[in-house]
> 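Have a look at the structure that comes next, please.
Just follow the structure's listing: the first ligand is 1, and inside any ligand the first atom is 1.
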Amino acid sequence: MENHDLLPRRGYRGRLAPSPTGYLHIGHARTFWTAYKRAREAGGKLVMRMEDLDAQRSQPEYVDAAVEDLRWLGIRWDEGPDVGGRFGPYLQSQRHAVYLDAWKLLLRLGKIYPCRCSRKDIEAAVAAPHEGGSVAADEQDDEPIYPGTCRKYHRVVAQIAGSRARELEEPEGLSWRFTVPSSEIIEFEDLNLGRQRFVAGRDFGDFVVWRRDGVPSYQLACVVDDAAMQITEVVRGADLLKSTARQILLNRALGYVNPSWYHCKLLVDDSGKRLAKRHDALSLRALRDLGLKPDYIVSAEVPVEA
Ligand code: GLU
């Protein structure tokens, strides 16, 4: 599952970033175990950060369950919501001000624009035959590639950047999108999967950095926190490879240094489908109730995506 040839950097800081929207399953366990092991082998630190920004889907019950399940598995962290640390708070729901500063910076730099499209509008535009060619759906993370309807506001925002942008203190109930440099190739070396290559505008479109419901998107919160918490290596599932490409663009815009990337192959079920939180039978809780031991869960041979 891992590549041991590539030694981690000195001063290693890794992180575990669960979303408390359901019980963790065996796939999360394997990824988090890898993150734990790499931090330990590097003699580094591990940070636990709770990604609980989605107020509708996040539940306090799942926050507690994630902490309990990961501890049961034998994973220990040096900083986190339950143990504190100098880079806290470690619950994203308590870090609004940090994200707002990043949003303001992106606005001043003219990198984002407001978007009024509803999910329905986007789906309709994507489904309809589109001027200038067809619009591909983003299969990897299920987000349709934004057709660019509100991109026209980009120029306006860029013009006011530095003047009225300074007065604009809040995202004002709109969603905001990052303008991706169309056709730019985003390449990076993944420490587990090797060279990765994505094309902005083709593999993913202008993505949301601030949501209409008043919270930053996963992409923005994640890069802001990884930078603020001085994370040197991000270990996560391969389902987030395209998100990494987006985050590389955000890091560049915000002047952050990229961490190293290590994506773990995803586990699949009997029919070859990726595991998801809905596979309740494979939740750590259920496996523990069945009497499975942590050692087995982290080391058993399990089918992974090709
Ligand atoms: N919170 C994200 C998830 O559970 C992971 C984010 C990340 O590792 O960057 O899918």
Side-chain angles (χ1 to χ4, degrees), residues 13-39 46-59 62-67 69-70 73 75 77 79-81 87 89-95 99 102 138 140-143 188 190-193 196 204 207-209 211 215-251 254 256 258-267 274-279 282-284 305:
R13 284 177 61 81
R15 55 24 159 224
L16 311 165
S19 298
T21 54
Y23 291 121
L24 300 182
H25 62 57
I26 184 167
H28 299 113
R30 305 282 288 220
T31 300
F32 290 142
W33 183 259
T34 303
Y36 170 58
K37 238 173 59 177
R38 287 184 65 80
L46 191 61
V47 175
M48 146 79 84
R49 177 173 82 225
M50 231 5 116
E51 304 211 320
D52 60 344
L53 282 173
D54 191 330
Q56 297 207 317
R57 294 173 61 225
S58 298
Q59 305 284 343
Y62 294 131
V63 172
D64 297 341
V67 168
D69 289 350
L70 293 175
L73 213 53
I75 294 178
W77 44 94
E79 299 166 31
F87 297 96
Y90 295 94
L91 290 173
Q92 288 193 323
S93 54
Q94 295 176 4
R95 300 177 58 79
Y99 307 134
D138 179 339
Q140 187 156 6
D141 56 13
D142 258 346
E143 187 183 317
F188 60 94
D190 184 84
L191 295 179
N192 190 37
L193 303 177
Q196 303 293 315
F204 57 90
F207 56 88
V208 172
V209 292
R211 295 167 22 163
V215 292
S217 69
Y218 155 67
Q219 310 294 353
L220 182 65
C222 185
V223 297
V224 167
D225 284 347
D226 285 338
M229 296 175 184
Q230 299 184 8
I231 300 304
T232 62
E233 181 177 279
V234 167
V235 175
R236 61 184 170 208
D239 52 332
L240 292 172
L241 279 165
K242 261 186 213 179
S243 287
T244 296
R246 295 178 177 102
Q247 291 175 17
I248 287 172
L249 291 175
L250 271 181
N251 279 336
L254 289 162
Y256 300 155
N258 279 315
S260 305
W261 312 103
Y262 187 108
H263 292 79
C264 300
K265 285 194 175 180
L266 301 178
L267 268 51
R274 283 179 184 177
L275 300 191
K277 282 189 178 135
R278 61 182 179 278
H279 285 75
L282 294 169
S283 74
L284 288 182
E305 220 169 41

> Check for a donor-acceptor pair, side chain of Asp52 on one end and backbone N or O of Ser93 on the other, with a separation under 3.5 Å.
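Yes.
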> Suppose I only count heavy atoms of Arg15 and a 4.0 Å limit; which atoms of ligand 1 are within that range?
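That gives atoms 7 (C), 8 (O), 9 (O) of ligand 1.
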> Taking atom 6 (C) of ligand 1 as the point of reference, which of His263, Glu51, Met50, Gln247 owns the nearest heavy atom?
Glu51
> Can you label the angle between the His263 ring and the Phe188 ring as parallel, tilted or perpendicular, going by 30° and 60°?
tilted
> Hey, does the side chain of Arg95 reach the backbone of Pro89 with a donor-acceptor pair shorter than 3.5 angstrom?
yes
> Check the side chains of Asp225 and Tyr90 for a donor-acceptor pair under 3.5 angstrom, ignoring hydrogens and angles.
no
> Using a strict cut-off of 4.0 Å, indicate which atoms of ligand 1 neighbour a heavy atom of Cys222.
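Ligand 1 atoms under the 4.0 Å threshold to Cys222: 9 (O).
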> Looking only at N/O atoms, are Ala17 and ligand 1 under 3.5 Å apart anywhere?
yes
> Which atoms of ligand 1 have any heavy atom of Tyr218 under 4.0 Å away?
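Those atoms are 6 (C), 7 (C), 9 (O).
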> Does any N or O in the side chain of Ser217 come within less than 3.5 Å of the main-chain N or O of Val208, such that one atom is a donor and the other an acceptor?
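Checked: pair present.
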